[in-house]
2 protein chains.
Amino acid sequence: MTDTIPIYQQIISYIKEYIDNGIYQKGNIIPSEQEFCNQFNTSRMTVRKAIDELVNDGYLYRIQGRGTFVSHWVYRKSLEVLGFTYHMTQLGYKPSSKVLTFETKRTEPLIAEKLKILPTENVYFLSRVRMADLEPIAIENVYLPEKRFPGLDVYSFEENSLYDVLKTYYKTEVLLKQEKINAIMVEGIYAKILFEKDKGVGMRMTGVDIDTNMSPIAYANSIYHGTKYIFDVIFR
Amino acid sequence: MTDTIPIYQQIISYIKEYIDNGIYQKGNIIPSEQEFCNQFNTSRMTVRKAIDELVNDGYLYRIQGRGTFVSHWVYRKSLEVLGFTYHMTQLGYKPSSKVLTFETKRTEPLIAEKLKILPTENVYFLSRVRMADLEPIAIENVYLPEKRFPGLDVYSFEENSLYDVLKTYYKTEVLLKQEKINAIMVEGIYAKILFEKDKGVGMRMTGVDIDTNMSPIAYANSIYHGTKYIFDVIFR
DNA sequence: GTATACGAGATATATATACATGTTGTATAT
DNA sequence: ATATACAACATGTATATATATCTCGTATAC
């Protein structure tokens with residue numbers, strides 16, 4: 001019935017915005033829980049729920065008896081989950097893509113297992129060169145279950161972000177990405193594209209995207225330019 | 001006064017243990033919040049606080065109206081923060097180290113900035129080959145502020161884990177690691193050690209360790225074997 | 001049989017309150 | 001001057017309660 005956003009979510013957005021705008025600055029104290037109670041006319045438990053989440057996500061940290069402070073450390077994990085397009089835009093580059101292949105394929109056993117589908121189901125295979133300011137940064141190969149995303153092939157993924165399409169037309173949002181990263185020597189056609197040479201050093205990243213129901217929505221197998229792209233990760 | 005562990009912490013430990021022991025299995029439902037209330041004779045808010053944290057950390061996920069379930073996805077982030085020794089032990093390998101260099105040095109500007117110390121202060125420089133079952137996996141170069149860890153040079157870091165020493169003798173624990181990862185071509189002495197060849201593909205990882213007060217305690221600049229070591233990361 | 005309605009049970013959000021614990025600054029006693 | 005005590009204020013933990021929303025199985029009506 002009520003389409004209102006929960007109060008604690010509103011407080012989270014409010015604080016995030018104030019951090020982004022530099023009104024709450026790195027290392028500085030933010031208003032006390034009581035002050036937020038007054039400002040939002042709500043209970044302290046509700047304010048704490050909001051702050052708890054921001055602390056958990058690394059935006060804020062608390063010191064008992066003193067207050068709550070803005071973290072010194074930029075939070076970048078959530079960036080990654082939004083994909084290449086968003087990530088590059090954030091860094092100030094103009095992202096673009098060139099589709100190498102986009103087709104329906106029979107599912108290989110590995111892919112079926114990763115996507116938790118039957119080997120008899122088909123998958124979409126989307127292979128793209130990802131570019132930043134027209135410089136090739138990565139080759140991204142994505143597998144998506146056909147059954148879950150029927151008609152996906154009508155969209156052009158040179159113009160559209162895959163995540164945007166999944167979100168807008170299939171109401172699917174990525175919650176988690178589980179990735180494995182290692183280094184490889186890139187050869188053949190991929191080396192030609194990324195390095196304009198026969199060989200180059202790259203990073204291989206394989207992983208699964210998981211939606212809000214904890215079911216896998218895509219399996220990706222990508223190769224990143226070894227020196228043009230830097231993974232930025234916060235471990236806890 | 002009371003040295004008792006908070007109830008919600010007890011519940012967290014309890015659930016984690018049950019997951020580790022396979023009593024709560026991947027994808028399966030765990031008891032309802034109400035059942036935990038009865039079992040621990042506590043209020044629902046307290047139980048929720050415990051489960052909230054486990055959900056946030058990726059151990060559990062909730063579906064409104066149905067229940068709370070054990071995540072399919074192994075949680076590995078926290079592993080990394082415990083360092084190479086712990087990580088390799090978890091994976092079933094026997095970790096060991098060979099110290100290449102351990103000395104006091106004048107601080108370079110980059111290091112000073114990363115550690116947020118003055119360029120006039122000295123740092124310890126510890127360079128080690130990290131091995132798993134006696135196979136070289138990585139070269140790890142760590143810089144630590146001398147002022148904060150006086151007398152660190154009396155310890156041998158072939159036998160001891162750096163993190164263990166910091167924890168035991170300096171009461172310092174790592175809360176976060178902020179890392180950058182890219183791929184490089186390894187040459188020279190490092191290639192000899194890691195690959196027994198003149199060249200090899202590796203990953204360069206640079207990053208800062210941050211303690212519970214959000215101050216930096218170490219800066220590391222390491223090179224990992226490109227194919228023997230795989231980074232396993234969960235993005236949110 | 002099939003569809004609908006409803007209720008039980010589970011999580012989601014929110015209020016109001018209480019006391020514990022840690023930090024800091026100020027006032028007081030020495 | 002220095003130490004001590006205390007008050008003010010911050011976060012930390014916990015209880016008790018209420019209502020909303022979502023899922024699923026079962027009973028009912030057709």
Side-chain angles (χ1 to χ4, degrees), chain A residues 1-15 24 27-71 171-173 175 211-215, chain B residues 1-15 18 24 27-71 171 173 175 211-215:
Chain A
M1 194 78 353
T2 52
D3 261 5
T4 53
I5 298 163
I7 299 172
Y8 79 93
Q9 292 279 9
Q10 293 176 35
I11 300 175
I12 288 174
S13 303
Y14 177 90
I15 295 177
Y24 298 157
N28 284 7
I29 197 165
I30 68 166
S32 73
E33 293 172 357
Q34 192 53 55
E35 285 178 73
F36 280 114
C37 293
N38 300 336
Q39 181 177 343
F40 286 89
N41 191 32
T42 186
S43 70
R44 190 168 153 234
M45 289 299 285
T46 302
V47 171
R48 271 186 77 79
K49 184 163 170 67
I51 294 179
D52 273 350
E53 197 155 319
L54 290 167
V55 168
N56 233 304
D57 286 352
Y59 287 97
L60 304 174
Y61 63 100
R62 294 202 253 228
I63 301 179
Q64 188 180 353
R66 283 181 53 198
T68 305
F69 304 81
V70 179
S71 176
K171 306 293 174 217
T172 296
E173 270 196 273
L175 178 71
D211 72 4
T212 44
N213 297 321
M214 299 306 269
S215 59
Chain B
M1 197 76 353
T2 52
D3 261 4
T4 55
I5 298 163
I7 299 172
Y8 79 93
Q9 293 280 7
Q10 293 176 34
I11 299 175
I12 289 173
S13 304
Y14 177 90
I15 295 177
Y18 269 46
Y24 298 159
N28 284 8
I29 197 166
I30 67 166
S32 73
E33 294 172 356
Q34 192 53 54
E35 285 178 74
F36 280 114
C37 293
N38 300 336
Q39 182 175 343
F40 287 89
N41 192 31
T42 185
S43 71
R44 194 168 150 234
M45 289 295 286
T46 302
V47 170
R48 272 186 77 77
K49 186 166 169 65
I51 294 179
D52 273 350
E53 197 157 321
L54 290 167
V55 168
N56 233 301
D57 285 352
Y59 287 97
L60 304 175
Y61 63 100
R62 294 201 252 228
I63 301 180
Q64 188 180 353
R66 282 180 54 198
T68 305
F69 303 81
V70 179
S71 176
K171 306 294 174 215
E173 271 196 274
L175 179 71
D211 71 5
T212 45
N213 298 320
M214 300 306 269
S215 59

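Numbered from 1 within each chain, the chains take letters A, B, ... in sequence-line order. Just so you know, these numbers come straight off a predicted model, no measurement behind them.
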*Identify, between R48(B) and G65(B), the residue whose nearest nucleotide on DNA chain C lies closer to the 5' end.*
G65(B)
*Separation of D52(B) atom CG from dA14(D) atom C1', in whole Å?*
15 Å
*Grab the two heavy atoms, one from K49(A) and one from D52(B), that are nearest each other, plus how far apart they are.*
NZ-OD2, 3.9 Å
_Side chains of I11(B) and I51(B) in contact at under 4.5 Å (non-hydrogen atoms)_ = no
*When you measure from every atom of DNA chain C, which of residues 6-13 of chain A have a heavy atom less than 4.0 Å away?*
P6(A), I7(A), Y8(A)
*Parallel, tilted or perpendicular: which fits the ring planes of Y61(B) and F69(B), with parallel below 30° and perpendicular above 60°?*
parallel
*For E53(A) and Y8(A), does a side-chain donor sit closer than 3.5 Å to a side-chain acceptor?*
no
*Which atoms form the tightest heavy-atom contact between R62(B) and T68(B), and what is the distance?*
CG-OG1, 3.6 Å
*Under 4.0 Å between a side-chain N/O of R66(B) and OP1 or OP2 of dG9(C), yes or no?*
no
*Distance, rounded to the nearest Å, where Q64(B) contributes CD and dG9(C) contributes P*: 17 Å
*Think R62(A) has a side-chain N or O under 4.0 angstrom from the OP1 or OP2 of dA10(D)?*
no
*asked:* Whole angstroms only, please: what is the NZ-C1' distance between K49(B) and dT11(C)?
replied: 18 Å
*Any residue of residues 30-46 of chain B with a heavy atom less than 4.0 Å from an atom of DNA chain C*: S32(B), E33(B), R44(B), M45(B)
*Please assess Q39(A) against E35(A) for the test side-chain contact (heavy atoms from CB on, under 4.5 Å), listing each intermediate value before the final yes or no.*
CA-CA 6 Å; Q39(A) 181 177 343; E35(A) 285 178 73; over 6 Å; no
*Please state how far atom CD1 in I29(A) lies from atom P in dC9(D), giving the value in whole angstrom units.*
14 Å
*Does the Q10(B) side chain pair with the main chain of I5(B), one donor and one acceptor, at a distance under 3.5 Å?*
yes
*asked:* Just the rounded figure in Å: distance from P of dT13(D) to CD1 of I5(B).
replied: 12 Å
*In whole angstrom, give the distance that lies between atom OH of Y61(A) and atom C1' of dT11(D).*
15 Å
*If pairing requires Watson-Crick or G-U wobble contacts with both distances under 3.5 Å, which nucleotide is the partner of dT26(C)?*
dA5(D)
*Would you confirm whether S13(B), through its side chain, and Q9(B), through its main-chain N or O, come within 3.5 Å as a donor-acceptor pair?*
yes
_Can you confirm whether I15(A) sits close enough to F36(A) that some side-chain heavy atom of one is under 4.5 Å from a side-chain heavy atom of the other?_
yes
